[in-house]
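Shown next, in structure tokens, is the structure this report addresses.
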Protein chains: 2
Amino acid sequence: MNDSPRRKELTRQAAQLFVQEGFDRTTVRMLAQEMGIKSGSLFHHFRDKQEILAAVIEEGTQNALVMAKAALEACDHTAEARLQAMARAHLQTLLTDRNAHVVALYEWRRLDPGARDHLSHLRDAYESLWEQVIDEALEAGLIHGDRFLVSRFVMGALNWTVRWYDPAGPRSTDDLAHELVAMITHGAA
Amino acid sequence: MNDSPRRKELTRQAAQLFVQEGFDRTTVRMLAQEMGIKSGSLFHHFRDKQEILAAVIEEGTQNALVMAKAALEACDHTAEARLQAMARAHLQTLLTDRNAHVVALYEWRRLDPGARDHLSHLRDAYESLWEQVIDEALEAGLIHGDRFLVSRFVMGALNWTVRWYDPAGPRSTDDLAHELVAMITHGAA
DNA sequence: GTCTATATTGCGATAGAC
DNA sequence: GTCTATCGCAATATAGAC
């Protein structure tokens, strides 16, 4: 529809509800209440409920991409440091402040085909960033195995943290990133 | 309600729809059609839609538990063989024939608190089987790290396969299990 | 840009005949 | 155990005033 800061803020609020309840269980009335308006007014900002989901997922993936690129810029240029930076950035966009990245991963199937088509490029860009870093780790002999499988196993391990990680618990997202990298790089001594 | 073979079969058919559409998008009318009856008749077998979900999840977890135990019985008694057997069994119950195990993992949040309470013991039994095998691998020096984190990372990597694995593709579930175990046991030489 | 009011649809579940 | 018929309700979305 448009790209106003107002819409950005509404999208952010929608993301929170989608994370808590899931897309299907979130009603437009709940969304409107969270936004401080009535349900009818919501359709002035978004064509329909689907469009809200698409906006949230676009925001979530874009954000993950930006954060990952920044993390790679800032870290050492060793394969291990870069692997760790990616994992850390991924977990931060996933687990911090109930983020839109979670929606992008867990509600992807709920997108209608048109939106899925449009957003798949963004998702692919993020995933190929991962594959690039995995490639470097393979070339450096840091890890071994099939590039396709390794990257999907790693992303799976990270994405699943949403189901069990407790931000109030003893472990930081950095702890998790460190342990994951250690697990795949120092298996047998 | 009861435990007839009829109900077992209806549960199996419900599982397939839940995997395809998700619990929320599956209507009682869709379920009834799949079962070859009218929607009103469905409530002779299940009190409500929630109870169908609980039945599917119970079936899925029970099945995963039985398969895992059998796989551990049948394999060599080395830590690596046992790890591999668990991974193989997990993938088979997850990826073969659109199984109820997927529903147990991905629709857990949709259970009402009562059912969640009742079924959590079954889930815990399955997860502690995993932790036991992970413990053995740690003791054998096959892998290193935090027991809690390693088991969750491994299960995450496996559970995420549902999102990308293509049964018609070139890789078997056994290939996946082998690659995953290799990844965490032979990181750096 | 937000409101009130409402159209319309499809949902889960029930009642009672057979 | 299955059917037909339907209840009651909550869902998305629209119309038009302000």
Side-chain angles (χ1 to χ4, degrees), chain A residues 1-58 103 106-116, chain B residues 1-59 103 107-116:
Chain A
M1 234 156 169
N2 60 43
D3 210 46
S4 65
R6 177 85 171 111
R7 188 178 146 117
K8 260 271 176 93
E9 169 65 8
L10 297 179
T11 301
R12 209 191 53 77
Q13 291 172 310
Q16 191 175 349
L17 272 174
F18 288 163
V19 174
Q20 273 172 34
E21 309 289 331
F23 176 71
D24 288 329
R25 308 278 263 230
T26 305
T27 69
V28 295
R29 286 172 176 82
M30 292 164 70
L31 288 163
Q33 184 166 39
E34 182 80 10
M35 296 167 179
I37 54 178
K38 300 293 177 182
S39 67
S41 311
L42 207 158
F43 294 92
H44 176 76
H45 301 278
F46 302 92
R47 187 188 316 280
D48 54 24
K49 197 185 163 192
Q50 273 287 328
E51 197 179 80
I52 309 179
L53 178 62
V56 170
I57 289 185
E58 178 161 15
V103 181
Y106 282 92
E107 305 289 352
W108 181 266
R109 298 197 325 159
R110 304 276 79 105
L111 285 172
D112 60 37
R116 197 148 49 205
Chain B
M1 234 154 169
N2 61 43
D3 210 46
S4 64
R6 176 84 171 114
R7 188 178 146 116
K8 261 272 176 90
E9 169 65 7
L10 296 179
T11 301
R12 208 190 54 78
Q13 290 171 310
Q16 192 175 348
L17 271 175
F18 289 162
V19 174
Q20 273 172 35
E21 309 289 330
F23 176 71
D24 288 328
R25 309 277 263 232
T26 305
T27 70
V28 296
R29 285 169 176 82
M30 290 163 71
L31 287 163
Q33 184 166 39
E34 183 79 12
M35 297 167 178
I37 55 179
K38 299 295 177 181
S39 68
S41 313
L42 208 160
F43 294 93
H44 178 77
H45 302 279
F46 303 91
R47 184 187 319 279
D48 53 25
K49 198 186 163 193
Q50 272 289 327
E51 197 178 80
I52 308 179
L53 178 62
V56 169
I57 289 185
E58 179 161 15
E59 158 85 7
V103 181
E107 304 289 352
W108 182 265
R109 298 198 324 160
R110 305 275 84 104
L111 284 171
D112 61 36
R116 197 148 49 203

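Predicted model, so just to flag it, every value in this text is computed and none were measured. Note on naming: letters A, B, ... go to the chains in the order of the sequence lines (proteins, then strands), and numbering restarts at 1 for each one.
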Rounded to the nearest Å, what distance is computed from the [atom1] atom of residue [X] to the [atom2] atom of nucleotide [N]?
| X | N | atom1 | atom2 | value |
| --- | --- | --- | --- | --- |
| A:L53 | D:dA13 | CG | P | 12 Å |
| B:K38 | D:dT6 | NZ | P | 16 Å |
| A:Q33 | D:dA11 | CD | P | 12 Å |
| B:F43 | D:dA5 | CZ | C1' | 15 Å |

Which heavy atom of [X] sits nearest a heavy atom of [Y], and at what distance?
| X | Y | answer |
| --- | --- | --- |
| A:A14 | A:V56 | CB-CG2, 4.0 Å |
| B:Q50 | B:R110 | NE2-O, 2.9 Å |
| B:D48 | B:F43 | CA-CE2, 3.9 Å |

Find the distance between [atom1] ([X]) and [atom2] ([Y]) and round it off to the nearest 0.5 Å.
| X | Y | atom1 | atom2 | value |
| --- | --- | --- | --- | --- |
| B:S41 | B:M35 | OG | CE | 11.0 Å |
| B:R7 | B:H44 | CZ | NE2 | 11.0 Å |
| A:L42 | A:L10 | CG | CG | 7.5 Å |
| B:H45 | B:R6 | NE2 | CZ | 5.0 Å |
| A:E58 | A:L111 | CD | CG | 10.5 Å |
| A:E107 | A:F18 | CD | CZ | 8.0 Å |

Quiz item: What parts of residues 21-29 of chain B reach DNA chain C, counting only heavy atoms under 4.0 Å away?
Solution: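 B:T26, B:T27, B:V28, B:R29 - these, ordered by number, are the residues of the stretch whose heavy atoms sit under 4.0 Å from the strand.
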Exercise. Measure the angle between the two terminal helix axes of the helix from C:dG1-D:dC18 to C:dC18-D:dG1, five base pairs each, and quote it to 10°.
Key: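 Inter-axis angle at the termini of the helix from C:dG1-D:dC18 to C:dC18-D:dG1: 0°.
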Exercise. Mind checking side chain to side chain contact (heavy atoms under 4.5 Å, CB included) for A:R12 and listing every partner two or more places apart, or none if nothing turns up?
Key: A:E9
Practice problem: Please find the earliest and latest nucleotides of DNA chain C, in the 5' to 3' direction, that have an atom within less than 4.0 Å of any heavy atom of chain B. | Solution: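 The footprint of chain B covers C:dC11 to C:dT14.
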Got a list of side-chain donor-acceptor pairs under 3.5 Å for residues 19-33 of chain B, not counting sequence neighbours?
{"unit_1": "B:D24", "atom_1": "OD1", "unit_2": "A:R25", "atom_2": "NH1", "d": "2.5"}
{"unit_1": "B:R25", "atom_1": "NH1", "unit_2": "A:D24", "atom_2": "OD1", "d": "2.6"}
{"unit_1": "B:T26", "atom_1": "OG1", "unit_2": "B:G22", "atom_2": "O", "d": "2.7"}
{"unit_1": "B:T27", "atom_1": "OG1", "unit_2": "B:R29", "atom_2": "N", "d": "3.4"}
{"unit_1": "B:T27", "atom_1": "OG1", "unit_2": "B:M30", "atom_2": "N", "d": "3.0"}

Practice problem: Would you indicate what A:K49 reaches in the nucleic acid, counting non-hydrogen atoms under 4.0 angstrom: base, sugar-phosphate, or nothing? | Solution: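 Sugar-phosphate: the residue A:K49, judged by heavy atoms under 4.0 Å, touches backbone atoms but no base.
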